[in-house]
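Input: a single structure, listed below in structure tokens.
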Amino acid sequence: MMGDSKERRVRWKGRHACETALSDPMSAIYSAIKAWTPPSGMFADSAVLLQVNSEQAQLLNRACFGRPYPPAIAPPPPSAPTYPPPIPGFDDSDSKEGLQFFQLALEEAFYLNYEMKCVRIYHQSHKEERVLLSHDELWRLMLKKKQHFVQHYKAYSHMRSKRWVVLSGIQFGADFMAYRHHPALVHSDYAVLVMLGEERQSRLNTWTELHAMGRLCGSVAKTLLLIYVKRKDAAVDSTFPSCLEDFDLETVEVNRWLPEKNREAGETLEENSELG
Amino acid sequence: MNFKKDVSVASWESEKGLAEVTVKKGKLWCSMGIIRSSKLYCNIEESMYLAGLGSLVMLNDERIMSNDEICSLLLFPGHGCSWAAYQTFAYLKRLGYIVGRYDVLWTTSRKQEKFPSLKSDVETDLSSKAEELILPSNPLESVVKSSSREVQFPLSDTMDEVNCDMILTRTGAESSMNPSLEEKYGNDSASLPCDIGRSNYSREDSEAGLEDLQSLSVLNLNKDEDTSLSVLNLKKDEDTCDQPMFDVFLPNGRFKKSVPGPPTFRLCMSSNHPPKPSDIRTMEHNCGGVPFKYVVVECGHISIFSFDTVSLPDLP
């Protein structure tokens with residue numbers, strides 16, 4: 001059944017989180033990022049390492065792109081969520097030029113490079129030589145390093161362009177986690193799985209697996225979102241990032257409906273999706 | 001920069017892919033770095049980790065290297081490390097574990113006991129050097145070392161790989177020269193190509209004729225130099241991981257490089273997929289009785305898994 005993502009009660013953290021989020025919309029943060037002096041980064045196979053100053057680090061932190069490296073032990077969460085949250089371990093007074101490393105996932109780095117055109121990424125191809133990568137070269141390197149990068153990136157950029165915050169879902173057993181704003185302000189709505197095409201595939205091929213995903217999502221109070229990324233045409237040349245136009249997306253929410261909890265009128269969908 | 005009381009200094013040696021520690025301060029060197037010919041060397045991940053802590057100043061041609069430059073060395077595949085491997089290394093080090101490269105001797109000092117079953121052909125090849133290439137007496141370690149295999153040269157030179165000028169040996173027991181190498185290059189170490197980094201191997205590269213490459217085991221043929229430096233292990237195909245990356249020991253204030261004992265476990269960098277049973281069997285064989293685990297690094301999140309074949313007990 002096609003419809004808008006059902007309006008569920010958004011789980012904000014703290015009384016004023018919603019207003020804080022509205023006063024600092026992602027679109028404004030994205031604009032500030034696009035306007036900055038592009039920092040340089042290095043392609044590191046499974047990640048991109050960006051060298052940023054404290055102002056750039058703050059913007060990346062607010063927009064949830066990447067995390068500082070090395071990670072410091074995070075302080076215990078404050079009783080009231082602070083926003084923007086401090087970046088654990090980031091202290092520009094320690095660094096010679098006021099620059100520190102920020103580690104970006106491949107999708108994040110490509111989005112900043114290709115869509116927002118606000119970072120420069122280099123590759124250490126030879127001992128002494130560092131080469132600036134074009135969009136196409138960066139795309140091809142990422143295709144080589146990550147399986148199904150095309151489909152994963154298509155899903156990632158689709159959500160980011162709608163100003164959803166998209167983070168790695170590995171800790172929750174999903175491809176991505178999607179938030180309406182910074183995780184300091186709001187709990188994640190969705191655990192996202194990227195499905196490759198419409199045909200039967202190796203993941204979520206059985207009801208057992210669907211139950212497992214559902215159980216996992218239920219225990220962390222998130223809804224399972226499947227993003228089907230389909231080729232429009234049988235033959236798609238994925239050598240260039242322009243091939244992204246040749247893919248279609250379909251987003252499907254999976255909810256478990258519990259008859260025991262729906263006998264009275266006015267039940268909210270959120271209660272429907274609790275698995276108990 | 002953090003100013004610490006004990007700051008060591010190391011000088012990067014490009015041909016070796018290692019940094020020689022010229023000023024050694026602090027107790028950390030009891031469980032870091034390798035000793036060859038009475039000199040202390042550290043590999044790129046150790047260098048980067050210590051430089052990041054402010055415990056080490058890295059020099060290149062007398063000039064202090066920035067973190068950015070050290071990181072470039074780390075990312076360069078010819079030095080045998082990768083960003084994922086480095087994150088794993090740093091993570092374990094911060095927790096106090098002792099981490100060395102798989103199957104790399106901590107020291108080749110004379111103080112070690114002679115390993116009794118040195119192959120006779122090794123002794124012939126190395127002649128007087130054989131005495132100095134001494135292995136720990138731990139028989140388990142000897143089993144492990146004897147599982148290392150030969151590499152074949154030359155290696156193709158693509159954008160992602162490096163040619164070094166020096167070939168370095170792994171262990172004394174395994175220093176018999178690959179016959180094709182000997183035929184091609186004779187005894188001139190300077191002309192021998194070297195190591196390949198593990199992380200940037202693409203499938204096309206491996207299909208291009210590098211299928212024979214397994215572990216890296218090369219010989220330093222410069223007979224004047226009493227060094228036997230180990231280089232990184234080589235992964236031929238990113239879809240399979242049949243060799244560990246690190247030897248990990250539990251935190252131990254009394255760790256001795258001369259008698260390290262077998263590692264607590266060996267750590268393998270995972271490929272795109274979890275291992276199949278056949279991959280696990282191969283790894284079991286390669287690890288020679290030492291437990292092994294797989295590490296997955298995703299977006300800075302490091303997870304370590306073990307896959308153990310078990311036999312369910314019969315219950316009453």
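Note on naming: letters A, B, ... go to the chains in the order of the sequence lines (proteins, then strands), and numbering restarts at 1 for each one.
- Most heavy-atom pairs under 4.5 Å with chain A: of the set B:Ala90, B:Ser72, B:Ser303, B:Ala84, this distinction falls to B:Ser72.
- The neighbour count for A:Lys146 NZ, taken as heavy atoms of other residues, nucleotides or ligands under 6.0 Å away, is above 12.
- Going from atom CD of A:Glu129 over to atom CZ of B:Phe76 covers 10.5 Å, rounded to the nearest 0.5 Å.
- Within a 6.0 Å radius of OH in B:Tyr91, no more than 12 heavy atoms belonging to other residues, nucleotides or ligands are found.
- Residue contact with chain B, scored on non-hydrogen atoms closer than 4.5 Å, involves the side chain of A:Leu49 exclusively.
- The minimum heavy-atom distance between A:Phe101 and B:Met48, with the atom names listed, is CE1-CE, 4.5 Å.
- Heavy atoms from other residues, nucleotides or ligands lying under 6.0 Å from CG of B:Asp61 number 12 at most.
- Residues B:Asp68 and A:Met42 have side chains in contact (heavy-atom distance under 4.5 Å, counting atoms from C-beta outward).
- The line from CG of B:Asn272 to CD of A:Gln147 is 5.0 Å long, rounded to the nearest 0.5 Å.
- In this structure, SG in B:Cys299 is found 7.5 Å from CD in A:Gln103, a value given to the nearest 0.5 Å.
- Around the OH atom of B:Tyr97, the shell of radius 6.0 Å holds no more than 12 heavy atoms that belong to other residues, nucleotides or ligands.
- Heavy-atom distances place the side chain of A:Tyr69, and not its backbone, under 4.5 Å from chain B.
- Not less than 6.0 angstrom separates the ring centroid of B:Trp83 from the ring centroid of A:Phe43.
- B:Glu298 places a side-chain heavy atom less than 4.5 Å from the side chain of A:Ser168.
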